[in-house]
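This chain uses plain numbering: 1 for the first residue, then up along the sequence. In listed order, ligands and their atoms are each counted from 1.
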Amino acid sequence: MNKLNILTTGLMLLSATSAIADNHSLAKLTDLAGASGFEKSVRDAVKQQWQQSMSRITVDGMGNLIGQSKGNQKGPNILLMAHMDEVGYMIESITSDGFIKVIPLGGIPSSVIFAQRWMISTPNGPILAYSGMDSTHLIDETKKNQLPSGTAIFLDIGAETKEQVETKFNVRPGLQVTPASQFSPLSENRFLAKALDDRLGLALIGDVLDSIKNQNRPNQLYAAATVQEEVGLRGASTVYQSTHPDITINVEVGIADDYPALIAKRKGRIALGKGPTLFVYDRSMIPHQELLSWILDLAKRNNIQVQLESEIGYGQDGSKVQGSGSGVPSINIGVPIRYAHQQAGVFDKRDYEQAVKLVSLIVTHLNQQAVEQIKAG
Ligand SMILES: [Zn+2]
């Protein structure tokens with residue numbers, strides 16, 4: 001599949017149904033392949049978008065993109081952060097009969113990995129692959145509902161021998177594998193796409209930077225697009241060094257559970273269309289309480305509906321900066337999506353737009369006095 005074709009189709013479909021596409025980087029960002037450790041194409045796209053509003057853009061030794069905003073060079077340092085990588089696989093080995101074995105980059109449960117289309121990024125461009133599953137005709141009645149273990153996954157690219165895989169398809173160990181899944185509008189407000197975690201966060205930061213470009217800000221604004229979040233928050237561990245933030249706002253996805261019951265017990269706590277989520281707890285971080293209260297108050301005064309989210313099986317980059325230097329007041333803000341860490345997820349553009357509004361308000365209101373007040377508790 002050609003990447004350019006994917007992109008054009010996605011954007012055309014989008015603009016046919018929604019204004020979100022007119023200026024929108026999200027369709028393009030989600031269609032890019034960028035598993036953990038393979039963030040270059042995403043970084044190039046984000047860099048291009050930041051060029052408008054950032055005066056200094058650098059890449060650190062981990063591969064994180066760091067931008068410093070134009071304009072005001074006084075006041076507290078405010079950091080906006082989101083990660084560039086998505087969950088996927090890396091090619092581990094090739095079998096003698098031409099199948100491809102892979103190792104996971106990030107957490108994808110075995111229930112969603114078989115019988116799917118994938119894309120392998122080769123030096124000659126992307127090629128299509130399929131994660132085969134036993135045909136139902138081959139499985140005993142008693143084992144019909146059984147799932148193979150996640151490590152059993154293999155990819156079929158239509159090759160007949162190991163040699164064909166290597167020479168004809170130009171595939172070798174170490175290449176990235178990402179879902180073959182195009183950005184697609186479902187309705188006026190809802191969209192289906194891969195890698196919403198966390199390209200939604202990156203697109204949001206880009207939109208916030210554009211929306212406040214010509215406004216006076218009482219702070220110095222930094223943005224970080226990080227690498228390797230999905231394999232253990234690795235990129236974010238160096239972000240403090242180049243930004244020295246007084247406050248960190250990490251932008252992520254929230255985990256919506258507003259669909260018919262499957263396995264999970266939790267239902268209906270976080271929903272699409274009810275606004276951005278403010279994380280009050282996750283496995284990696286408890287937010288700074290005064291920062292949380294200050295944002296809640298700001299949202300209320302501006303009639304922005306928010307949801308309070310707690311996730312026991314969730315970690316995020318903000319925690320790495322929170323624990324850097326002598327500690328940084330930090331919070332994680334999410335745009336809720338359904339079906340995170342799967343072939344594709346669904347989000348509602350109204351949540352996204354409200355999140356852009358909220359984060360824009362935060363960065364235009366965080367002045368020295370507010371930051372001192374927050375820090376003093
Ligand atoms: Zn994420």
Y259 six-ring centre to K267 NZ/CZ under 6.0 Å and within 45° of normal: yes
Heteroatom N/O/S of E252 within less than 2.8 Å of the Zn ion (ligand 1): yes
Closest H83 atom to the Zn ion (ligand 1) [N, O or S only]: NE2
Y89 vs L155 side-chain heavy atoms within contact, under 4.5 Å: no
Geometric class of the F183/F347 ring pair [parallel <30°, tilted 30-60°, perpendicular >60°]: tilted
Of all N/O/S atoms in D197, the name of the one nearest the Zn ion (ligand 1): OD1
Over 12 foreign heavy atoms within 6.0 Å of NZ, K213: yes
